[in-house]
Amino acid sequence: MIIAIDGFSSTGKSTVAKRLAAALDFIYVDTGAMYRMVALTAVRNGLVKDGVLHESALLDLLPGLTLGFSRGEHGENLAVLNGEIVEADIRSMEINRIVSRVSSIPAVRRQLVAQQQRMGLGQSLVMDGRDIGTVVFPHAELKIFMTADADIRAGRRLEELRAKGDHLVSLQEVKSNLLQRDAEDQARLDSPLLKASDARELDNSHISPDEVFQTAWNWAKEKM
Ligand code: DC
């Protein structure tokens, strides 16, 4: 069984996806982390200058990338790039600024979508992203599309960044980055962010994480 969770940035997709996967004993796949690992490769190799990405040089590095996940001591999901745990590195504002640009490159999407589809062979999973219900698994048994008010999303994301020690970034900067990423994700030509016609919408602005989980759990049980 495949559960596809798509939606705008910082709508709580990964929180509910992780909980659902743990409760159902399914694999959880965070596809945003995969695009972030490619963005990190671009940054580390000096391919982003003044916000401009050297696209062809990044494409040359793609075949050498191994993107994976492992479990931390407390069961947390960790992004692994060529054997190195990069979970903290991929969540910075520097990566936030460039990741939508990286994810708009068709050759990057082709490679990552193929890997995501292979992950779904023979095992049940909960996968979150932007194109899971539309492109990666158009026949997913359950599709959820998450939304939330932009101010609420920005406030939650700011708290996360503060908890990780980033005290320089402002609420305004976080909000404008979110809105810009949403706009770029919706406007790109290759598999833009959009709600699949058969997805169920879940607005997470004014309900608790427990209520979000309960709703998703009920929908999953119906399908099972
Ligand atoms: O979910 P996230 O914020 O970690 O995603 C990072 C970026 O990657 C986001 O700006 C859009 C892009 N993305 C995508 O294009 N397709 C996906 N399936 C997942 C993420």
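First listed ligand is number 1; within each ligand, the first listed atom is number 1.
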Using salt bridge (charged side-chain N to carboxylate O under 4.0 Å, His left out), reason through Asp128 and Lys18 one step at a time and then give a plain yes or no. CA-CA 9 Å; Asp128 75 20; Lys18 278 179 211 163; over 6 Å; no
Side chain proximity check, Val38 to Leu112, heavy atoms < 4.5 angstrom: yes
Ordered by chain then number, the protein residues lying under 4.0 Å from ligand 1 by heavy atom are Thr31, Gly32, Tyr35, Arg36, Val99, Ser100, Ser103, Arg109, Gly129, Arg130, Asp131, Ile132, Arg181, Asp185, Arg188
Do any side-chain atoms of residues 51-59 form donor-acceptor pairs under 3.5 angstrom with protein atoms, and if so which ones, sequence neighbours left out?
from	atom 1	to	atom 2	distance (Å)
Glu55	OE1	Arg101	NH2	2.8

Quick check on Glu94: does its CD atom have over 12 non-hydrogen neighbours (other residues, nucleotides or ligands) under 6.0 Å away? no
Measure the shortest side-chain to side-chain distance between Leu193 and Phe8 over non-hydrogen atoms and say whether it is less than 4.5 angstrom. yes
Side-chain donor/acceptor of Asn218 to backbone N/O of Gln214, under 3.5 Å: yes
